[in-house]
There are 2 protein chains.
Amino acid sequence: MLTPERRPYRREAEDKRRQALIAATLSLVAEGGARIATVRAIAERAGVTAGLIRHYFQSKDSLIAASYRHVMERMTHESVAVLKAAPHDPQARLVAFVAASLRPPVVDRDALILWASFMQETKRDAAMLATHASTYLGFRDQLQGLIAALPQDRSAAELRQMAIACNAVIDGLWLEGSALPDAFAKGELVEIGVTAVGAILGLKLTNYMLFTGPF
Amino acid sequence: MLTPERRPYRREAEDKRRQALIAATLSLVAEGGARIATVRAIAERAGVTAGLIRHYFQSKDSLIAASYRHVMERMTHESVAVLKAAPHDPQARLVAFVAASLRPPVVDRDALILWASFMQETKRDAAMLATHASTYLGFRDQLQGLIAALPQDRSAAELRQMAIACNAVIDGLWLEGSALPDAFAKGELVEIGVTAVGAILGLKLTNYMLFTGPF
DNA sequence: TTGCTTGTTATTCATTTGGATAATTGGACA
DNA sequence: TGTCCAATTATCCAAATGAATAACAAGCAA
């Protein structure tokens, strides 16, 4: 009689395990939508057994919500981080920000699937809706700050409208570029985005395209 | 001994039943995302029993795909239909088109949830991805046609870029307005959208705002 | 009125799902 | 090296899910 062998395992730090579970969740959702992200599939991809999920998260929904927060932070971080290395010239900073938002890894089919999958959950989960709202408004405020720094005199109302419009261009291009990656040439989204933002603001930003950063 | 009473029913035309099932599906998905749209919930909302779904659709996935096609057709139809009643002046037609895309029922939280829910499924279902691509490109072509009709001389490449940019503005504003209805004043999206599209095209479209249509 | 077709309901089934609980063992610490 | 806490696995469970099949009856046709 063979004794049934128990699966060997390693103990890990709490933070490491949480990150692994979140990463597994995001990987699965990006791969096939929320429906394939079952507790068992997540556990398997994270290299643990299903029961462990409830050791680190109150429920599956709690893990999902944590994953959403994680991905939204990652996305905005990518666009904002570029400002640290950006020059001080306001136009160049704006161009760098727009460009960073319109190329990988921000523009990415998997990122869109993640976004869509979580957006759908905002109907059931008020906390996830709040996460969405604060992420969106935070990004728009960032953009409005860049616009306000331009050498122009704008009223508060004008600033708000321009920020909304520029944000919309970025969001729309992000959406379409992520959903249909093959429909656009490399760098095309950045060029169109910078040009359009410039037109909305009444500036010729294309001169600053060299601050666009790497592809 | 009480004979178990069988639920009474009416026979309906095939088309009517299919429409009812699709409507029930959309209503559920919009209400709480794809996860609450189970065969039993759909059947209940449509006023039939679960088994009937498979009498009209090969599988649940087939019903989902049909529902997606239905909602996408409905959304683009709304924007395009306005052109039939629109004047012949190219600028006015463009404004009417943009405005129709940026107010209810196109801008609508439920519509966004539907869109997001189905977008996520495009990862598993190639047919649904194709539905998305043809809808997006169809809408953009429509827009490009309106831009080409303007009294300007544009190269094909310019036309393409402008159509992409204008489409992005519309998509972005639709997205944000649908996701956070309370973040924008009534008519604000239309005003911002028309202004931004005008800026991108180098036109002053705000004079044509009276062709914006009703709210 | 009487069949008959088939739209519709009822029942059943095998899986899957999220969660609860019990059993085990890794590894830090003495 | 031995002890012991808790991280982890293993097992179980009730509910839900999509689908298949059987039974029934609505309503048209003759």
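So that the names make sense, note that chain A is the first sequence line, chain B the second, and so on, each numbered from 1. Because only heavy atoms are used, hydrogens play no part in the values below, and waters and symmetry mates are left out as well, while side chains stay in. This structure is a prediction, so every number in the text was calculated from the model and none was measured.
Contacts with DNA chain C (heavy atom under 4.0 Å) in residues 20-49 of chain B: B/V48, B/T49, listed by number.
In this structure, B/E14 reaches neither bases nor backbone, as no heavy-atom distance under 4.0 Å exists between it and the strands shown. Among the heavy atoms of the strands, none lies under 4.0 Å from B/F57. As judged by a 4.0 angstrom heavy-atom cut-off over every strand, B/R11 is placed among the base-contacting residues.
Set against D/dT8, D/dG18, C/dT8, the side chain of B/L52 has C/dT8 as its closest nucleotide. In the set D/dT8, D/dA19, C/dT8, D/dA19 carries the atom at the smallest distance from any side-chain atom of B/K60. Among D/dT9, D/dC24, C/dG7, the nucleotide with an atom closest to any side-chain atom of A/Y9 is D/dT9. Residue A/R7 has its side chain nearest to D/dA10 when only C/dG19, C/dT25, D/dA10 are considered.
Residue A/Q58 contributes atom CD, which lies 10 Å from atom P of C/dG19 at whole-angstrom precision.
Residue-environment remark: CD (A/Q19) exceeds the threshold of 12 foreign heavy atoms within 6.0 Å.
Partners of B/M128 under the side-chain contact (heavy atoms from CB on, under 4.5 Å) rule, at least two apart in sequence or in another chain, are B/I64, B/A65, B/Y68, B/F118, B/E121, B/T122, B/D125.
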Taking only N/O atoms, report every protein-nucleotides 1-3 of chain C pair under 3.5 Å with atom names and distance.
none

